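Note that ligands are numbered from 1 as they come in the structure, with each ligand's atoms numbered from 1 the same way. Quick caveat: nothing in here was measured; it's all calculated off a predicted structure.
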Amino acid sequence: MKSGGGETLIITDSRTGKSHELLIEHGCLWANDLKHIKTGENDPGLMSYDPGLLNTAACKSTITYINGEKGILRYRGYPIEELAEKKSYLECAYLLIHGELPTHDQQAEWLEEINRHLSVNPLVNTLVCSFPTSAHPMAMLISSIAALSGLNPEAKNVTDTDSRQLQIVRLIAKLPTLAAWAYRHKRGLAPVPPNRELSYAGNFLYMMFHEDNKKEAISSVLEKALDILFTLHADHEQNCSTTAMRIIGSSLADPYLAVAGAAAALAGPRHGGANEEVLRMLRQIGSKDKVASHIKRVKEGEERLMGFGHRVYKNYDPRAKIIKQTAEEVFKATGVNPLLEIAIELERIALEDDYFIKRKLYPNVDFYSGLIYEAMRIPTDMFTVLFAVARVSGWLAQWLEFLRDGEQKISRPRQIYLGRGKRHVPD
Ligand code: CMC
């Protein structure tokens with residue numbers, strides 16, 4: 001517990017009157033040091049209680065920096081605004097995984113590797129097709145990612161660095177293919193093989209929307225917008241799904257199983273499912289004149305304003321700003337989505353309202369992204385699927401960092417047991 005001259009916290013335990021000196025490192029106490037603070041021999045020692053892990057650092061990371069108060073997001077030190085403007089999603093994925101932007105040659109090699117692994121074993125499509133078409137595409141995606149574990153048994157060698165690298169490339173390459181299969185199965189359409197001539201985002205749009213005997217061109221505006229959305233969603237430090245990825249990875253499960261679990265965590269409406277909920281909410285509101293009464297219901301606690309609020313950002317989400325600009329570009333090409341008018345009015349009223357100001361509730365990444373997806377003809381239930389396609393690079397970067405971190409162990413939080421004492425089953 002002693003610091004050896006570094007920063008410390010000295011606390012007095014009112015139960016025993018004893019003082020304890022705890023080491024402070026990077027502005028944190030080591031939770032394990034609390035164990036030494038005891039009232040007696042039989043006391044297991046003090047723990048910290050943190051439901052939702054609101055104030056617990058579970059790792060040291062060099063991947064993503066967020067300052068929620070100032071609205072800052074950086075990948076490996078680069079501001080998200082500069083990356084979205086100047087770099088492609090695949091370059092950002094490389095940055096997240098490898099720590100640096102690729103050189104010209106590294107980028108060519110990276111693209112070549114990704115392109116080589118775009119195809120997926122057709123057996124997995126049989127699995128996707130076994131779902132009723134009414135099933136949510138996230139259920140199809142999660143199952144098909146898990147199925148890749150069965151097809152790549154060597155992936156369980158998570159300490160083998162070559163195998164790790166191969167599975168990372170496979171996952172980034174194959175996610176759009178799996179996502180497009182889920183989309184097409186729901187519409188009774190046969191899968192479209194990947195087109196290696198196209199960009200990552202362009203190929204994804206192609207695999208979803210290609211129609212036989214039609215030579216449609218992929219709109220460069222939509223392709224660019226989708227690529228930017230992928231970049232904005234690529235990583236967001238220790239959020240719910242990334243935490244799930246690290247926790248599953250901590251058991252040394254293979255990365256397909258860990259990504260399937262992370263995607264399951266993403267699926268809920270308070271995380272990746274929120275942009276889907278935003279569109280439902282906007283449709284339910286129906287028109288600009290009903291916005292005020294909706295805000296009233298939110299303030300009375302009847303529902304949440306979807307696409308607003310963030311565990312970390314207590315300021316405008318920097319991703320939401322970029323998305324709003326991207327939406328303008330997209331709507332120039334596709335025509336304005338009538339729901340945009342409702343969204344702008346919601347934002348206007350909410351940003352002036354005391355309820356939202358006091359609680360520092362600002363639009364988050366999901367508030368406008370759904371409107372862009374809709375303009376691209378992407379159905380609402382695919383929004384979270386697209387989030388997963390983009391986030392896989394972040395999950396894998398975090399997983400890799402976890403595996404290389406000598407301080408990490410299998411995750412095993414403690415609990416405060418408040419249940420019954422010992423009792424006997426009646427005869
Ligand atoms: N609408 C209305 N009130 C809200 C909202 C909202 N969207 N978000 C938080 N609040 C209120 C909440 O009721 C509470 O009020 P009070 O103090 O009176 O009880 C206060 O603000 C603090 O809320 P909280 O639930 O403690 O905040 P949190 O940090 O645990 O929740 C959140 C963060 C994102 C889950 C929440 O803001 C929310 O549910 N937002 C809507 C869903 C959403 O848009 N999610 C996408 C997040 S961004 C994408 C991602 O990274 O996953």
Side-chain angles (χ1 to χ4, degrees), residues 50-56 63-69 71-75 80 138 229-246 262-282 284-285 291-324 343 346-373 380 383-395 398:
D50 190 3
L53 304 175
L54 297 191
N55 195 33
T56 294
I63 302 173
T64 291
Y65 172 77
I66 299 177
N67 182 324
E69 292 298 327
I72 295 173
L73 169 62
R74 297 181 197 136
Y75 297 159
I80 192 67
M138 274 305 273
L229 285 169
F230 282 169
T231 296
L232 300 183
H233 285 88
D235 195 52
H236 212 230
E237 53 118 308
Q238 309 313 314
N239 55 81
C240 175
S241 57
T242 301
T243 302
M245 180 81 195
R246 281 180 174 261
L266 185 74
R270 291 210 172 162
H271 190 8
N275 53 10
E276 203 173 319
E277 296 302 320
V278 171
L279 264 255
R280 288 211 179 92
M281 175 186 76
L282 295 176
Q284 187 200 325
I285 295 172
V291 166
S293 59
H294 184 80
I295 296 264
K296 187 165 170 273
R297 275 203 303 285
V298 169
K299 284 162 60 178
E300 283 164 359
E302 282 178 41
E303 48 198 302
R304 286 200 166 198
L305 188 54
M306 300 313 288
F308 258 70
H310 200 276
R311 171 60 59 79
V312 179
Y313 293 119
K314 301 302 168 197
N315 199 324
Y316 212 102
D317 181 337
R319 301 169 298 173
K321 273 191 200 149
I322 303 169
I323 287 182
K324 210 173 165 187
L346 258 183
E347 181 184 340
R348 189 188 66 76
I349 298 187
L351 292 182
E352 287 171 357
D353 192 299
D354 250 14
Y355 175 95
F356 298 90
I357 295 170
K358 251 198 233 147
R359 292 170 178 77
K360 298 187 176 175
L361 299 171
Y362 292 88
N364 61 45
V365 68
D366 289 324
F367 194 63
Y368 287 105
S369 60
L371 291 171
I372 304 184
Y373 289 145
T380 316
F383 294 177
T384 317
V385 172
L386 267 72
F387 194 159
V389 169
R391 183 56 61 86
V392 74
S393 55
W395 289 332
Q398 301 271 352

### Message
Over 60° means perpendicular and under 30° means parallel, so tell me whether Phe383 and Tyr373 are parallel, tilted or perpendicular.
### Response
tilted
### Side-chain donor/acceptor of Asp317 to backbone N/O of Val365, under 3.5 Å
yes
### Query
Checking side chain to side chain contact (heavy atoms under 4.5 Å, CB included) for the pair Leu73/His236: CA distance, chi angles, key distance, verdict?
CA-CA 8 Å; Leu73 169 62; His236 212 230; 3.8 Å; yes
### Message
One pair to check against side chain to side chain contact (heavy atoms under 4.5 Å, CB included): Tyr355 and Ile295. What are the steps and the verdict?
### Response
CA-CA 10 Å; Tyr355 175 95; Ile295 296 264; over 6 Å; no
### Message
Taking the side chain as everything from C-beta on, heavy atoms only, tell me whether Lys296 gets closer than 4.5 Å to Lys299.
### Response
no
### Message
Centroid separation under 6.0 Å, is that true for the rings of Phe308 and Tyr362?
### Response
no
### Query
Hey, which residues fall under 4.0 Å of ligand 1 on heavy atoms?
Arg270, His271, Ala274, Val298, Arg304, Leu305, Met306, Gly307, Phe308, Gly309, His310, Arg311, Tyr355, Arg359, Leu361, Asn364, Val365, Asp366
